[in-house]
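So the structure is just underneath, and the comments pick up after that.
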Amino acid sequence: MSLPRIVCRFSCGAASAVATKLALAKYGHERVEITYSDTGSEHPDNKRFLADCERWFGKSVTVIKSEKYADTWAVWEKERFIMSRQGAPCTAALKREPVYLFERPTDIQVLGYTAEEEDRAKRLREQNFERVIETPLIEAGLTKADCLGLLERAGIELPAMYLLGFQNNNCIGCPKGGRGYWNMIRKHFPDQFERMAALQRKLGEGSAFWVEEDGTKLTLDRLEPDRGEQHNEPSIECSIMCHIAEVEIAEAAE
Ligand code: SF4
């Protein structure tokens, strides 16, 4: 009987890159598969980072992409919503669904949760108890800063989004981002900011990302440029596992 596959969910982020490297050292190149879900909306520099990491891993990455949607904008415009209580439809359409064909129930999944995210990883395991999940960074006590340092020492230039000051390397213009994150998008990617503001105008106030204390819906048109500090905001969670957990939590609350 063959051993289960070790599937590393590489996201073009620093943490998942180091988690993958550790999994390769533990299990060897034969048993490990590395996947990257290409949403079509991440920074173009991710292609360079992915190629650098493939050289570092000594193994190629399987890129998984939706056949139905070219990018996040195509999902939001077709589905006519950007976020709901069940999460963002782009996660399901661009990450969850395309990966169905690749998955096997016996896979052992390697995720890049860092030492600061131990509680989050614990919750994720509880919500996905039927899956075998490994978090090598937590086991090794590695923080996000450690991962950034390890990559730099490996001679790999960090993805452009980190160099611009973003805390993550997700899609450019993610609805799960906070006020500070969106003001960073306004500064560095004004076209994306304006495109999202226009989409919110088209879809109406229900598409606002935030609700103020007085109950007012805060759309991007109303977001003051000095609101929010990205480094104080919760990090954006957009893994396949998180999406499953979000749906289950929302269904349980209905
Ligand atoms: S990172 Fe954000 S925009 Fe990209 S797929 Fe995930 S939720 Fe959607």
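Order of listing sets the numbers, starting from 1, for every ligand and every atom in it.
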Cut-off 3.5 Å, side chains only: do T72 and T39 have a donor facing an acceptor?
no
Taking atom types as modelled and ignoring hydrogens, do the side chains of E229 and Y181 form a donor-acceptor contact shorter than 3.5 angstrom?
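Side-chain D/A pair, E229 to Y181: absent.
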So, does T91 sit close enough to ligand 1 that a heavy atom of it is under 4.0 Å from the ligand?
yes
Of all the atoms in ligand 1, which lie at a distance below 4.0 Å from a heavy atom belonging to [X]?
X	value
N170	1 (S)
C174	1 (S), 2 (Fe), 3 (S), 7 (S)
P175	3 (S)

Hey, what's the ring geometry for F49 with F10, parallel, tilted or perpendicular (30° and 60° as the breaks)?
parallel
Does F209 offer a backbone N or O that forms a donor-acceptor pair with the side chain of K217 under 3.5 Å?
no
K122 side chain near E117 side chain, heavy-atom distance below 4.5 Å
no
From atom 2 (Fe) of ligand 1 out to just under 2.8 Å, does an N/O/S atom of C171 turn up?
no
